[in-house]
Trainee: 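Submitted below is the structure of interest, expressed as structure tokens.
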Amino acid sequence: MYHFYTYGDLLQEDFRLHEPKAKLAVIGNPIAHSKSPQMQQAALCSAGIDATYIRVLAEDHEFEGVVSRLRELKFIGANVTVPFKKRACTLATSVDQAAAMSGSVNTLVFSNEDIKGFNTDGAGFSAALREATDIAPPLRGRHIVLLGAGGGAGSTLACQCALEGCASLVLVNRTIEKIHPLSESINRQYPNVSRCLSTADTTALMHAVRKADLLIQATSLGLRETDPLPLPKEALHKNLTVCDIITHDTPLLRLSREQGLCAIGGGGMLMYQGACAFRLWFPDKDPNLTAMRHALVVTEQP
Ligand code: ATR
């Protein structure tokens, strides 16, 4: 279990972080498992920036208070994770296109006047896919099936697919009612690009995957080794690239590799969303990707 601070800790009058010049945090609940501090600290050290990046655990009623306190303490920004990404979007005084479209923010940049909100998850996913496939831009013209489109990560990736100009996007979710507004919102900007499918409609799902060249797995299935596959294994075919946003090896990734498909895990997305956030906090510095990748590997937990 890694160290984290609570709102109560931040409110202590003698709260100090050995006075580094730059202070950063990741806010969420739970937060002890977050690998962002190791990854960002590696990039900060490598860039020669005197900074500290901490975990902050916020209870449901504390999120806005935590952000306000971090600003008082002169933090330069923060990452925001589950379950506060939507509230961070509401709190921000301005947001980028990805955040506006998905209604969720994972990176905040503070100044005296305002709070800028960004969502780097989609760009991070895209960068990881580009690195793995050597195709740029990696989502343009693709026929995509997105499993778990109703989840926080899934809906953000759906927006990224549309923003980058995918050819078609089949949004799949167990609870289909959740994804109708997302599909409508995407289709308002990109007419007829997306449609909705229920996970339970396996015949239609198999058909959609057979016509697709990219499968994105954004459900929580695969977090546990005993989880069932998120789709019938017969749906996989040799022209399919399979991306699972879960950061460890999953049964779906293993099966895809066994069948000779290009299979990409979520580690790259985690690293690149962090690299994009780093550039927002330090526009004149480049994050050291090798150091960030190394920090993620060495801090891998069982
Ligand atoms: P995150 O924010 O990390 O994406 P989430 O918002 O809890 O996590 O989303 C989890 C996703 O996994 C959702 O799409 C969820 O489907 P529902 O919206 O119907 O809940 C999906 N999911 C979770 N368990 C599932 C299961 N057993 N079968 C199919 N989909 C599942």
Trainee: Rounded to the nearest 0.5 Å, how far apart are CE of M206 and NZ of K233?
Mentor: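 Rounded to the nearest 0.5 Å, the CE-NZ separation comes to 11.0 Å.
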
Trainee: Looking at CD of Q259 and NE2 of H237, how far apart are the two atoms once the value is rounded to the nearest 0.5 Å?
Mentor: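 Q259 atom CD to H237 atom NE2 measures 10.5 Å (nearest 0.5 Å).
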
Trainee: Does any non-hydrogen side-chain atom of I54 lie less than 4.5 Å from one of F75?
Mentor: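 Yes, their side chains come closer than 4.5 Å.
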
Trainee: At what distance, to the nearest 0.5 angstrom, does CD1 of I246 lie from CZ of R224?
Mentor: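 So the gap between those two atoms works out to 10.0 Å.
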
Trainee: T219 and P230: which non-hydrogen atoms are nearest, and at how many Å?
Mentor: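 Minimum heavy-atom separation between T219 and P230: OG1-CB, 4.3 Å.
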
Trainee: Using a 3.5 Å cut-off and no angle test, enumerate the donor-acceptor pairs between side-chain atoms of residues 105-114 and protein atoms at least two apart in sequence or in another chain.
Mentor:
from, atom 1, to, atom 2, distance (Å)
N106, OD1, T120, N, 2.9
N106, OD1, T120, OG1, 3.4
N106, ND2, T120, OG1, 3.0
N106, ND2, D121, OD1, 3.0
N106, ND2, Q273, OE1, 3.3
T107, OG1, N79, ND2, 3.3
S111, OG, E113, N, 3.4
S111, OG, E113, OE1, 3.4
S111, OG, D114, N, 3.2
S111, OG, D114, O, 3.4
S111, OG, D114, OD1, 2.6
D114, OD2, K116, NZ, 3.2

Trainee: Looking at residues at least two apart in the chain, or sitting in another chain, which of them share a salt bridge (Lys or Arg N to Asp or Glu O under 4.0 Å) with D201?
Mentor: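 In terms of salt bridge (Lys or Arg N to Asp or Glu O under 4.0 Å), with neighbours along the sequence ignored, D201 is linked to no residue.
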
Trainee: Hey, does the side chain of Q41 reach the backbone of A51 with a donor-acceptor pair shorter than 3.5 angstrom?
Mentor: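 A pair under 3.5 Å: yes.
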
Trainee: Which pairs count as ring-ring contact (aromatic ring centres under 6.0 Å, His included) when at least one residue sits in residues 38-67, sequence neighbours excluded?
Mentor: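 Listed by first then second residue: F63-F84.
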
Trainee: Among the clusters formed by ILVMFWY side chains lying less than 4.5 Å apart, do L73 and Y5 turn up in the same one?
Mentor: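 Yes, L73 and Y5 fall within the same hydrophobic cluster.
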
Trainee: Scan residues 242-291 for pairs that pass ring-ring contact (aromatic ring centres under 6.0 Å, His included), counting only residues two or more places apart or in two chains.
Mentor: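 Found F278-F282.
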
Trainee: What side-chain donor-acceptor pairs closer than 3.5 Å can you find for residues 136-143, not counting sequence neighbours?
Mentor:
from, atom 1, to, atom 2, distance (Å)
R142, NE, P138, O, 3.1
R142, NH1, D213, O, 3.3
H143, ND1, S168, OG, 2.7

Trainee: By side chain to side chain donor-acceptor pair (under 3.5 Å), which residues pair with Q160, not counting sequence neighbours?
Mentor: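 Partners of Q160 under the side chain to side chain donor-acceptor pair (under 3.5 Å) test: E164.
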
Trainee: Rounded to the nearest 0.5 Å, how far does CD of Q217 lie from OG1 of T250?
Mentor: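 One gets 7.0 Å once the value is rounded to the nearest 0.5 Å.
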
Trainee: Same cluster or not: L171 versus F125, using hydrophobic residues (I, L, V, M, F, W, Y) connected whenever any side-chain heavy atoms lie under 4.5 Å apart?
Mentor: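 Cluster IDs for L171 and F125 match.
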
Trainee: Would V82 end up clustered with V66 when hydrophobic side chains under 4.5 Å apart are linked, directly or stepwise?
Mentor: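 No, V82 and V66 fall in different hydrophobic clusters.
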
Trainee: Distance-only, no hydrogens or angles: does the E62 side chain make a donor-acceptor pair with backbone N or O of E59 under 3.5 Å?
Mentor: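 Side chain of E62 to backbone of E59: a pair is present.
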
Trainee: Tell me if a side-chain donor or acceptor on T175 pairs with a main-chain N or O of E177 at a distance below 3.5 Å.
Mentor: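 Not a single qualifying donor-acceptor pair exists.
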
Trainee: I'd like to check the salt bridge (Lys or Arg N to Asp or Glu O under 4.0 Å) partners of E72; sequence neighbours left out, ordered by chain and number.
Mentor: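 If we apply the salt bridge (Lys or Arg N to Asp or Glu O under 4.0 Å) test to E72, skipping adjacent residues, the hits are R69.
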
Trainee: Within the structure provided, determine whether Q38 and M292 are in side-chain contact (heavy-atom separation under 4.5 Å).
Mentor: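 Side chain of Q38 against side chain of M292, heavy atoms only: no contact under 4.5 Å found.
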
Trainee: Once side chain to side chain donor-acceptor pair (under 3.5 Å) is applied, do any residues pair with S46, and if so which ones, sequence neighbours excluded?
Mentor: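 Listed in chain order: N288.
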
Trainee: Holding to salt bridge (Lys or Arg N to Asp or Glu O under 4.0 Å), I want the full list of residues that pass it with R174, two or more places apart in sequence or in another chain.
Mentor: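 If we apply the salt bridge (Lys or Arg N to Asp or Glu O under 4.0 Å) test to R174, skipping adjacent residues, there are no hits.
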
Trainee: Can you check whether L10 reaches L70 side chain to side chain, under 4.5 Å on heavy atoms?
Mentor: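 A side-chain contact under 4.5 Å exists here.
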
Trainee: T156 side chain to G152 main-chain N or O, any donor-acceptor pair under 3.5 Å?
Mentor: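 Side chain of T156 to backbone of G152: a pair is present.
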
Trainee: Under a 4.5 Å cut-off applied to non-hydrogen side-chain atoms, are T247 and M269 in contact?
Mentor: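 Not touching, per the 4.5 Å side-chain cut-off.
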
Trainee: Contact between V193 and C166 at the side-chain level, heavy atoms closer than 4.5 Å - yes or no?
Mentor: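 They are in side-chain contact.
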
Trainee: I'd like to know if the side chain of R55 and the backbone of P37 have a donor-acceptor N/O pair within less than 3.5 Å.
Mentor: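 Not at all, since once roles are kept as given, no pair shorter than 3.5 Å links the two residues.
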
Trainee: Is L214 close to L129 at the side-chain level, that is, under 4.5 Å between some pair of heavy atoms?
Mentor: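 When only atoms from C-beta onward are counted, L214 and L129 do touch, with a gap below 4.5 Å.
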
Trainee: Judged by atom type as modelled, is there a donor-acceptor pair below 3.5 Å linking the side chain of D227 to the main-chain atoms of G222?
Mentor: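 Checked: pair present.
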
Trainee: Using the rule that two of Ile, Leu, Val, Met, Phe, Trp, Tyr join whenever any of their side-chain heavy atoms come within less than 4.5 Å, decide whether I115 and V95 are in one cluster.
Mentor: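 The answer is yes; both residues are in one hydrophobic cluster.
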
Trainee: Can you tell if the side chain of I186 reaches within under 4.5 Å of the side chain of L169, non-hydrogen atoms only?
Mentor: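 Counting from C-beta outward, I186 and L169 do come under 4.5 Å.
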
Trainee: My understanding is that only residues two or more places apart in sequence, or in another chain, count here; which of them pass side chain to side chain contact (heavy atoms under 4.5 Å, CB included) with S220?
Mentor: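 By the side chain to side chain contact (heavy atoms under 4.5 Å, CB included) rule, S220 matches L223.
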
Trainee: Could you tell me which non-hydrogen atom of L24 sits nearest to which non-hydrogen atom of A78, and how far apart they are?
Mentor: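 Of all heavy-atom pairs spanning L24 and A78, the closest is CD2-N, 4.5 Å.
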
Trainee: Taking side chain as C-beta onward, heavy atoms only, is D249 less than 4.5 Å from R254?
Mentor: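 Yes - at least one pair of side-chain heavy atoms lies under 4.5 Å apart.
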
Trainee: Is there a path of hydrophobic side-chain contacts, each under 4.5 Å between heavy atoms, that joins L91 and M101?
Mentor: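 Different clusters.
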
Trainee: Quick one: CG on L182 to OG on S185, what's the gap to the nearest 0.5 Å?
Mentor: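 With rounding to 0.5 Å, CG (L182) is 6.0 Å from OG (S185).
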
Trainee: Within the side chain of D244, is there an N or O that forms a donor-acceptor pair under 3.5 Å with the backbone of L253?
Mentor: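 Answer holds: no.
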
Trainee: D60 and N29: side-chain contact (heavy atoms from CB on, under 4.5 Å), yes or no, with the steps?
Mentor: CA-CA 8 Å; D60 193 51; N29 191 342; over 6 Å; no

Trainee: At their closest point, which heavy atom of Q40 faces which heavy atom of A277, and how far apart are they?
Mentor: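 That closest heavy-atom pairing would be NE2-CB, 4.4 Å.
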
Trainee: Give, for atom OG of S194 and atom CD1 of I179, the distance between the pair rounded to the nearest 0.5 Å.
Mentor: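 Separation between the atoms: 8.5 Å.
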
Trainee: Is it the case that atom NE2 in H207 sees more than 12 heavy atoms from other parts of the structure closer than 6.0 Å?
Mentor: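 No.
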
Trainee: Tell me yes or no: between the side chains of S256 and E258, is some donor less than 3.5 Å from an acceptor?
Mentor: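 Not at all, the side chains of S256 and E258 share no donor-acceptor pair under 3.5 Å.
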
Trainee: Walk me through it: do I27 and T81 pass the test side-chain contact (heavy atoms from CB on, under 4.5 Å)?
Mentor: CA-CA 6 Å; I27 314 165; T81 187; over 6 Å; no

Trainee: E64: what forms a salt bridge (Lys or Arg N to Asp or Glu O under 4.0 Å) with it, not counting sequence neighbours?
Mentor: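 Salt bridge (Lys or Arg N to Asp or Glu O under 4.0 Å) list for E64, sorted by chain: R87.
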
Trainee: Does either side chain, that of S155 or that of S102, offer a donor lying less than 3.5 Å from an acceptor on the other one?
Mentor: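 No, no side-chain donor-acceptor contact under 3.5 Å.
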
Trainee: Determine whether L296 and M271 satisfy the following criterion, side-chain contact (heavy atoms from CB on, under 4.5 Å), listing intermediate values before the conclusion.
Mentor: CA-CA 8 Å; L296 283 175; M271 186 194 71; 3.9 Å; yes

Trainee: Main chain of E184, side chain of N187: is a donor-acceptor contact present, judged purely on distance under 3.5 Å?
Mentor: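 No, N187 side chain to E184 backbone: no donor-acceptor pair under 3.5 Å.
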
Trainee: Looking at Q97, I'd like to know if its CD atom is crowded, meaning that more than 12 non-hydrogen atoms belonging to other residues, nucleotides or ligands lie closer than 6.0 Å.
Mentor: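 Not more than 12 within 6.0 Å, no.
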
Trainee: Passes salt bridge (Lys or Arg N to Asp or Glu O under 4.0 Å), D284 versus R279? Steps please.
Mentor: CA-CA 8 Å; D284 56 340; R279 287 194 188 94; over 6 Å; no

Trainee: Which ILVMFWY residues can you reach from L231 by hopping between side chains whose heavy atoms are under 4.5 Å apart?
Mentor: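 V145, L147, V170, V172, L197, L205, V209, L215, L229, L236, L240, V242, L252, L255, L261, listed by chain and number.
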
